[in-house]
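Working notes, beginning with the structure itself.
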Amino acid sequence: ASHTLLKHEGISTASHPTKHLVVSNGGLGNGVSRESLLEVLKEGGTVESLLTPPAKPYAFVTYSSTEAGQNAYTLLNGRALQCHDQSVTLYFSYVEKVDSDRSVSCALPPGLSVLEGFVSPEEELQLLQAVDWTPHTADVTVQKALKHRRVKHYGYEFRYDNNNIDKDKPLAGGLPAECDALLQRCLADGHISVLPDQLTVNQYQSGQGIPPHVDTHSAFEDPILSLSLGAKTVMDFKHPDGRSVAVVLPERSLLVMKGESRYLWTHGITPRKFDVVPVSEVEGSGVMTSDLSNLTLKRRGTRTSLTFRKIRHIPCNCAYPSVCDSQLLSSPPTVPVAEGDACR
Ligand code: AKG
């Protein structure tokens, strides 16, 4: 286990007892909640701090003394822990210190904002009811059950085979009238300067997600809006240089992806049943806290998102030519520019 920790995670373990231990298999990324881990850890002695890095299969615990650390090791190493619907075996190793730099990035990608409470609970209900999932024969909307979620398109169909839209084939009916008020608010508040003409509704059951992608530059203008309804989720943003930011999207919040966050960073939702969220939940939106002692798991509910986009009619000339299909011409892009579902 020590070898694996060093090789894959850069964690060097100590061969002598200390007050700090790394708990392999005891991490949020392994489906272990902070609360259940803490309950077990307390059997070993007084816990000074517990760090639960997001998406990692391990946690770090610091006891009040080396004796307590040693006691915990003897008592708890190899302990089976039942968490949600699985059993995991906890393995402990001593470490010299807990590196508090093992944190997630705190800054939102440039151009990204999350507007909490953008719609009221009443509007949320109305919008959810406006989406009629019964199959239609008329071609006013297009809906599909994808491998990872179900989708419905208004205004124009988004084609997952070429990650684009047929600009000369608008769907009859346009966007649902129930969206008018919130779109007018977006205009009035300056989040958009023209009304969107394409809407994709995604519905994710717990455990479903969407692969990381950049919305095709040549297909849509800037910005892109996404309204979260029914349940919160965590959306992962990734920069081509490897930086990664996990952003909590609470129910009824509006995500505005503009500029760099729209053109350069991929966005996606990892399919999982639980999300790593701040313990208190009061933080609500924004970037996952860098305080790793304050994260836990929360079961995902069914989330319906409304993604509003404006069709682009002239080639994109953004400031990110390396990922811009309009500017790349025939050479392939260096990051996924797709909805990510083309090969499903
Ligand atoms: C898409 O449909 O391309 C999305 O990225 C959906 C995002 C969301 O669910 O908020």
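Note that the numbering runs from 1 along the sequence shown for the chain. Both ligands and their constituent atoms are indexed starting at 1 by order of listing.
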Subject >> E39 atom CD, over 12 foreign heavy atoms within 6.0 Å >> reply: no

**OP:** Give a yes or no on whether a salt bridge exists between R309 and D215, defined as a side-chain N under 4.0 angstrom from a carboxylate O.
**Re:** yes

Subject >> Atoms in ligand 1 with a heavy atom of M235 nearer than 4.0 Å >> reply: 7 (C), 8 (C), 10 (O)

Subject >> For R303, the ligand 1 atoms whose distance to one of its heavy atoms is below 4.0 Å >> reply: 8 (C), 9 (O), 10 (O)

Original post:
In Å, rounded to the nearest 0.5 Å, how long is the span from SG of C179 to CG of L127?
Top reply: 5.5 Å

Original post:
Which ligand 1 atoms are under 4.0 Å away from a heavy-atom of N202?
Top reply: 1 (C), 2 (O), 6 (C)

Original post:
Does I210 approach ligand 1 within less than 4.0 angstrom via side chain, backbone, both or neither, non-hydrogen atoms only?
Top reply: side chain

Original post:
Can you list the atoms of ligand 1 that are under 4.0 Å from a heavy atom of Y204?
Top reply: 6 (C), 7 (C), 8 (C), 9 (O)

**OP:** Would you mind listing every side-chain hydrogen bond (donor to acceptor under 3.5 Å, both in side chains) that reaches into residues 166-185, with sequence neighbours excluded?
**Re:** E123-R185, R159-D166

Original post:
Are R309 and ligand 1 in contact, using a heavy-atom cut-off of under 4.0 Å?
Top reply: yes

**OP:** Could you list the atoms of ligand 1 found under 4.0 angstrom from a heavy atom of H267?
**Re:** 5 (O)

Original post:
Do any nitrogen or oxygen atoms of T200 lie less than 3.5 angstrom from nitrogen or oxygen atoms of ligand 1?
Top reply: no

Original post:
Hey, is F158 one of the residues with a heavy atom under 4.0 angstrom from ligand 1?
Top reply: no

**OP:** Number the atoms of ligand 1 from 1 as they appear, then name those within less than 4.0 Å of a heavy atom of S305, with their elements.
**Re:** 8 (C), 9 (O), 10 (O)

Original post:
Considering distance alone, does some N or O of T307 sit under 3.5 Å from an N or O of ligand 1?
Top reply: no

Original post:
For Q203, which residues count as a side-chain hydrogen bond (donor to acceptor under 3.5 Å, both in side chains) partner, sequence neighbours excluded?
Top reply: R150, T304

Original post:
Can a salt bridge be assigned to the pair R79 and E43 using a cut-off of 4.0 Å between side-chain N and carboxylate O?
Top reply: yes

Original post:
R312 side chain to F220 main-chain N or O, any donor-acceptor pair under 3.5 Å?
Top reply: yes

Subject >> Atom pair OH (Y63) and CG (L50), whose distance is rounded to the nearest 0.5 Å >> reply: 9.0 Å

